[in-house]
Every structure is written in C-alpha cells, then in structure tokens.
Amino acid sequence: MEMRRRSFLALAGAAGASGLLKTFFGINLGASKAYASSRPPVRGKVTTTICPFCSVGCGMLVTTAGGKVVNLTGDPDHPVNEAAMCSKGAALSQIWNSDQRAKKVLYRAPGASRWEEKDWDFAMRRIAERMKETRDKTFEERDEQGRIVNRAMGIGSLGGSAMDNEECYALSKFARSMGTVYLEHHARL
Ligand code: SF4
C-alpha cells in the first residue's frame, strides 16, 4: 500500500492508535485491552519518587496500600521520562515486595562454606573492627615526595542504586572522613 505522510496522519486520526497498529503493523491489542479492562482499579496512596537505578532519574508514581506497593507507573508530569520507564524501573516494586529480599544479617566466616544468621549488633561490630584494622594497616600520612596526604589506601566505597541523594552524600562524607580516596557508584550512564 502506498501512503503519503499527510494521508497517513489523517488515517491515523480516524483509526486511533489501536486500529493503526492493527492495520499497518499487524499488531492486535485485543487481548491486552481485555486484560486491562478486566483488572480492578488500583486504590491506595500515590507518592511521587525518582527511580534509583540509574542516573537518567525517571520520575515515578508509586501506589501503596496495606504496607505494600500495589502499583507503579512512570510519572506523566516528569520532564525526564514523561511517563516512560525501562524494564528495570518497571520492576522497582520488587525492591520492597519480593519474597527473595534478604531481611536478616547473613555471615559467612573466612574459609566457611555456609552462611549463618546473625544479629545487627554482630554485623556492626564486625564491620567496625575490620574497617579499623584495614585503615590502621594501610593508612598513609605522606606520599613518596613527603607531602601530607592522610589517605586510607586499603578501603574503597561503592554506592548502590537503592541509595538516594542524601544517603550518597552522607556515605561520601563518611568515606572521606576515614581517608578513603576510592569512591565509586554503580549507577553510571
Ligand atoms: S533504570 Fe530505567 S526507569 Fe530507572 S532511571 Fe534509569 S532509565 Fe529510568
């Protein structure tokens, strides 16, 4: 079928998006529409937020009810994504809802093959001990030319995508106060 741009647009207006997809691309939205209309409306508290997974920073609308995330969509008013989201962002509710989420401290001792459940006091104490030990062993007051540097070369800091701006700020301040010079974050595009 030969089609000019103007007549294509005229036809598009008349047919609507769904009819257009079916006519020109052979895509039938019937099943998707039936599924969408069979679902009950989602009710709950809607909160705006920013996707933490990458530095694009898409805006989202999160609906919560009964302590659970019951719906999550792109925010149509957000200038970055205008309601669109990638598959990673669309799966964000799993951060809260997933039954595979680790909710307890798990510790595997050096050389051991099994994880043990521990409490938070054990974890915090162990982390503090290891950080102090590593910092003491690797701290450099001066570089090769004798200049004062005060840096802990044996410790690095890696931020995770579920951290927000304020948490990243606090972590970087803490890391620098320890003398850490290797700061990185995985959310880079
Ligand atoms: S991970 Fe996807 S949804 Fe999230 S900010 Fe990046 S592009 Fe947007």
Side-chain angles (χ1 to χ4, degrees), residues 5 8-9 12-13 15-108 115 117 120 123-124 127 131 155-178 180-189:
R5 182 173 173 274
F8 176 84
L9 290 175
S18 156
L20 200 65
L21 284 172
K22 188 172 178 189
T23 306
F24 291 101
F25 304 110
I27 299 170
N28 189 344
L29 295 180
S32 305
K33 278 182 160 180
Y35 174 72
S37 56
S38 72
R39 284 171 58 89
V42 180
R43 297 189 202 288
K45 182 180 173 194
V46 180
T47 310
T48 57
T49 191
I50 307 288
C51 174
F53 282 145
C54 84
S55 51
V56 171
C58 295
M60 294 176 167
L61 299 176
V62 182
T63 310
T64 49
K68 291 232 162 208
V69 175
V70 292
N71 197 43
L72 189 146
T73 61
D75 184 349
D77 294 330
H78 198 281
V80 168
N81 57 317
E82 296 180 338
M85 278 193 300
C86 75
S87 53
K88 204 161 57 158
L92 180 66
S93 61
Q94 292 297 305
I95 283 187
W96 179 253
N97 288 344
S98 174
D99 55 5
Q100 292 179 17
R101 222 178 114 202
K103 293 178 183 161
K104 293 182 178 153
V105 173
L106 294 174
Y107 173 72
R108 196 176 67 177
W115 295 91
E117 263 184 33
W120 280 103
M124 298 305 276
I127 292 166
M131 284 182 77
I155 301 176
S157 167
L158 178 65
S161 66
M163 295 172 71
D164 59 29
N165 275 353
E166 290 74 14
E167 287 166 333
C168 288
Y169 180 82
L171 176 64
S172 65
K173 287 287 176 192
F174 171 70
R176 288 186 204 285
S177 73
M178 296 272 299
T180 303
V181 289
Y182 304 120
L183 280 98
E184 186 53 282
H185 196 278
H186 99 257
R188 278 172 173 247
L189 274 186

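Whatever order the structure lists them in is the order used to number ligands and atoms, beginning at 1.
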**Study point:** Those atoms of ligand 1 less than 4.0 Å from some heavy atom in Phe53
**Key:** 1 (S)
Review point. More than 12 foreign heavy atoms under 6.0 Å from OH of Tyr107: is that the case here?
Key: yes
Exercise for review: Flag yes if more than 12 heavy atoms outside Arg43 fall under 6.0 Å of its CZ atom; otherwise flag no.
Suggested key: no
**Study point:** Contact check, side chains of Arg176 and Leu183, non-hydrogen atoms, under 4.5 Å
**Key:** yes
Check your understanding: Is Cys54 close enough to atom 6 (Fe) of ligand 1 to have an N, O or S atom under 2.8 Å?
Key -> yes
Practice item. Give the atoms of ligand 1, by number and element, whose distance to some non-hydrogen atom of Lys88 is under 4.0 Å. Key: 1 (S)
Point to revise | 2.8 Å cut-off met by an N, O or S atom of Cys51 to atom 4 (Fe) of ligand 1 | key: yes
Exercise for review: Check Leu61, Asp75, Val62 against Val46 for a side-chain contact (heavy atoms from CB on, under 4.5 Å) and give me the one that passes.
Suggested key: Leu61
Practice item. Would you check if atom 8 (Fe) of ligand 1 lies under 2.8 Å from any N, O or S atom of Cys86? Key: no
Study note, to complete from the structure: For Gly57, the ligand 1 atoms with a heavy-atom partner under 4.0 Å come out as 5 (S)
Review point. Okay, side chain of Ser172, backbone of Tyr169: is any donor-acceptor separation there less than 3.5 Å?
Key: yes
